[in-house]
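A quick write-up on the structure given underneath.
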There are 2 protein chains.
Amino acid sequence: MNQSPDARYEELIAKLRARGGRITPQRMAIVRILADAAGHPSAEEIYHQIRMRFPTTSLATVYKVIAALKEMGEVLELGFADGSSRYDGHNPHPHAHLICVRCRKIVDPRVEGLNAVPQDVARAEGYLLVGHRFDIYGVCPECRAAEAQP
Amino acid sequence: MNQSPDARYEELIAKLRARGGRITPQRMAIVRILADAAGHPSAEEIYHQIRMRFPTTSLATVYKVIAALKEMGEVLELGFADGSSRYDGHNPHPHAHLICVRCRKIVDPRVEGLNAVPQDVARAEGYLLVGHRFDIYGVCPECRAAEAQP
DNA sequence: GTGCTTGCAAACAGTTTGCAGATAG
DNA sequence: CTATCTGCAAACTGTTTGCAAGCAC
């Protein structure tokens, strides 16, 4: 999961093809953006980036390609209460996220001693574990500095 | 926070009044439902319960009253990716939730060794902690039994 | 050539808002 | 009496869907 953007790109394209999917220019571009992304882009952000190279690409296509990758378990969707979503194409397994409430930046922090918690809690209550989500909300260093002298 | 439904009801009404709010029959009924609720009702569920007693109450009023209680920090909103929300009128502080992906039931599980994690992670990354959210997804015992013989 | 994919536009759903009339204090 | 609250209906917003045309294989 700590592979290079290029390797991740090739992997996703190969998995799409193995599934019987067709490799269109739009799909290549969307997968490229997901593989290169340092952060957790939204559909709109992917859409705007795509438009630089393929100006006729539609937002609907972005959603459809992401949906296919989600079904394959290769993209993690972080859905928010306002109906918007952000996507992680690098690490599709549940992991903690640190979210700036001011600039909406999302990073993957290192978290200790959490791995067994979901399974332990589920078992204790008689549940079959399916997944989990752990979001920590805060103000990032840049936004703290910006708030200091507004 | 482990008070009786009646005490919680009185507390919420008193706080609404102290804020200069007016205590209408609709507000009394909505606060009653939140204070009595064992689970985490949705706006629709509150709306349906209200209608048994005050059949002219509108969904908009339910949302407006909940919004006022949220602003006062007395109700915790759990917003989901589909745009829907569930509300906890008992414990407005962030805490873990165990959510059945089949029947959507939400319970508050006991979780060990998590208290310091959000603050530790935020500090380690230079963030100012604002809050957090920890959802564990699973299939509840009742739904597991139901799935065994469909 | 076949059938998956694209792009447009309309639909969707829970929530929010504007406003006129009702009402708590 | 007057400012807040209610209820209706319309608006909002990111996402999803239906369908005809396009294109990968």
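A note on names: the letters A, B, ... follow the listed sequences, proteins ahead of strands, and every chain is numbered from 1. Atom set for the values below is all heavy atoms of this structure, side chains included, hydrogens, waters and symmetry mates excluded.
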Distance, nearest 0.5 Å, that separates CD of A/Glu71 from CD1 of A/Ile66: 13.0 Å
Interatomic distance, B/Ile13 atom CD1 to B/Arg32 atom CZ [nearest 0.5 angstrom]: 9.0 Å
Nearest whole angstrom, please: distance from the [atom2] of [N] to the [atom1] of [X].
X: A/Ile30; N: C/dT5; atom1: CD1; atom2: C1'; value: 11 Å
X: A/Met28; N: C/dT6; atom1: CE; atom2: C1'; value: 14 Å
X: B/Arg86; N: C/dG14; atom1: CZ; atom2: C1'; value: 14 Å
X: A/Leu59; N: C/dT5; atom1: CG; atom2: P; value: 18 Å
X: B/Tyr47; N: D/dT6; atom1: OH; atom2: P; value: 14 Å
X: A/Lys64; N: D/dT17; atom1: NZ; atom2: P; value: 9 Å
X: B/Phe80; N: D/dT13; atom1: CZ; atom2: C1'; value: 20 Å
X: A/Arg51; N: C/dC8; atom1: CZ; atom2: C1'; value: 12 Å

Is the shortest side-chain N/O distance from [X] to OP1 or OP2 of [N] below 4.0 Å?
X: B/Thr56; N: D/dG7; answer: yes
X: A/Arg27; N: C/dT6; answer: yes
X: A/Ser84; N: D/dG14; answer: no
X: A/Thr24; N: C/dC4; answer: no
X: A/Gln26; N: C/dG7; answer: yes

Does any donor atom in the side chain of [X] or [Y] lie under 3.5 Å from an acceptor atom in the other side chain?
X: A/Asp108; Y: A/His90; answer: no
X: A/His95; Y: A/Asp88; answer: yes
X: A/Glu77; Y: A/Ser85; answer: yes

Residue mapping more 5' on DNA chain D - nearest nucleotide basis, A/Ile23 or A/Glu77: A/Glu77
Residue closer to the 5' end of DNA chain C, A/Val65 versus B/Gly83 (nearest nucleotide): A/Val65
First encountered from the 5' end of DNA chain C, between A/Phe54 and B/Asp82: A/Phe54
When you measure from the side chain of [X], which nucleotide among [options] comes out closest?
X: B/Pro25; options: D/dT6, C/dA24, C/dG7; answer: C/dA24
X: B/Ala60; options: C/dC8, C/dA24, D/dC8; answer: D/dC8
X: A/Arg17; options: D/dC25, D/dG7, C/dT5; answer: D/dC25

Categorize [X] for me: base, sugar-phosphate, or nothing, with a 4.0 angstrom heavy-atom threshold over every strand shown.
X: A/Thr57; value: sugar-phosphate
X: B/Gly21; value: sugar-phosphate
X: B/Ser85; value: sugar-phosphate

Any N/O donor-acceptor pair, A/Arg22 side-chain to D/dC25 base, under 3.5 Å: no
Lys/Arg cation over aromatic B/Tyr9: B/Arg27, 6.0 Å, 45° cone: no
